[in-house]
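The next block holds one structure in the form of structure tokens; read it before the comments.
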Amino acid sequence: MSKSKKQKQAELKAQQEARQITPAKLLRLALKSMGFAIVVAVVVIGLNLLGVPALGNTWVQLGIMFVVYLVAYPFLMSEFRPRVNKK
């Protein structure tokens with residue numbers, strides 16, 4: 001099925017609006033990022049206190065934080081994607 005011209009224009013407009021950077025979007029992004037950083041830090045500290053030997057290394061801790069951030073990236077950046085209209 002072919003999309004009508006109005007549907008294409010509406011999708012283009014939604015994409016442009018989603019990509020605009022606003023203070024509210026930046027605040028939500030900062031709060032989500034801080035929340036994830038705190039959760040990961042608590043988990044790493046907790047496992048380190050439980051005696052997991054590998055987590056005593058700073059590079060391992062940074063690697064874990066990086067992997068968790070990569071997994072969480074779609075959720076964190078959801079503010080900048082257009083909303084999907086379900087029919």
Side-chain angles (χ1 to χ4, degrees):
M1 287 178 24
S2 177
K3 292 183 181 180
S4 70
K5 187 175 181 180
K6 286 185 180 182
Q7 286 176 331
K8 289 180 183 178
Q9 287 177 345
E11 288 177 4
L12 182 62
K13 184 178 178 183
Q15 288 177 355
Q16 289 172 346
E17 288 176 359
R19 290 184 181 136
Q20 288 180 348
I21 297 174
T22 63
K25 286 182 180 180
L26 290 176
L27 178 63
R28 285 191 295 269
L29 175 63
L31 291 174
K32 286 180 185 179
S33 297
M34 283 191 293
F36 272 99
I38 290 170
V39 168
V40 171
V42 167
V43 169
V44 168
I45 290 170
L47 290 173
N48 198 1
L49 290 175
L50 289 175
V52 179
L55 293 177
N57 187 341
T58 304
W59 292 109
V60 173
Q61 292 175 359
L62 288 173
I64 290 171
M65 289 181 189
F66 181 70
V67 169
V68 170
Y69 183 77
L70 286 179
V71 171
Y73 183 80
F75 173 72
L76 294 172
M77 298 306 286
S78 64
E79 298 291 331
F80 300 99
R81 281 194 309 266
R83 304 241 185 260
V84 178
N85 293 331
K86 296 181 181 179
K87 294 182 181 181

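Atom set for the values below is all heavy atoms of this structure, side chains included, hydrogens, waters and symmetry mates excluded. Residue numbers run from 1 in the order of the sequence given.
- Under a hydrophobic clustering in which Ile, Leu, Val, Met, Phe, Trp and Tyr are joined whenever their side-chain heavy atoms come within less than 4.5 Å, directly or via other members, Ile38 and Leu49 fall into different clusters.
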- Walk me through it: do Val68 and Val39 pass the test side chain to side chain contact (heavy atoms under 4.5 Å, CB included)? CA-CA 10 Å; Val68 170; Val39 168; over 6 Å; no
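- Annotation: the span from Leu27 atom CG to Glu79 atom CD amounts to 9.5 Å, rounded to 0.5 Å.
- Atom CG of Leu70 is surrounded by more than 12 heavy atoms from other residues, nucleotides or ligands within 6.0 Å.
- Pairs passing the side chain to side chain donor-acceptor pair (under 3.5 Å) check and including a residue from residues 47-66, sequence neighbours excluded, do not occur.
- At a threshold of 4.5 Å between side-chain heavy atoms, the hydrophobic network of Ile, Leu, Val, Met, Phe, Trp and Tyr places Leu47 and Met65 in one connected group.
- Both Leu26 and Met77 belong to a single network of hydrophobic side chains, linked directly or stepwise wherever heavy atoms of I, L, V, M, F, W or Y lie under 4.5 Å apart.
- Taking the side-chain hydrogen bond (donor to acceptor under 3.5 Å, both in side chains) definition, one finds that Ser33 meets it with nothing, sequence neighbours left out.
- Two different hydrophobic clusters hold Met34 and Leu29 under the rule that ILVMFWY side chains link at heavy-atom gaps under 4.5 Å.
- Taken together through direct or relayed side-chain contacts under 4.5 Å among Ile, Leu, Val, Met, Phe, Trp and Tyr, Val40 and Val52 form part of one hydrophobic cluster.
- Counting all heavy atoms, side chain and backbone alike, Lys25 lies closest to Gln20 at NZ-O, 3.2 Å.
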- Check the pair Tyr69 / Leu76 against side chain to side chain contact (heavy atoms under 4.5 Å, CB included), numbers first and verdict last. CA-CA 9 Å; Tyr69 183 77; Leu76 294 172; 3.2 Å; yes
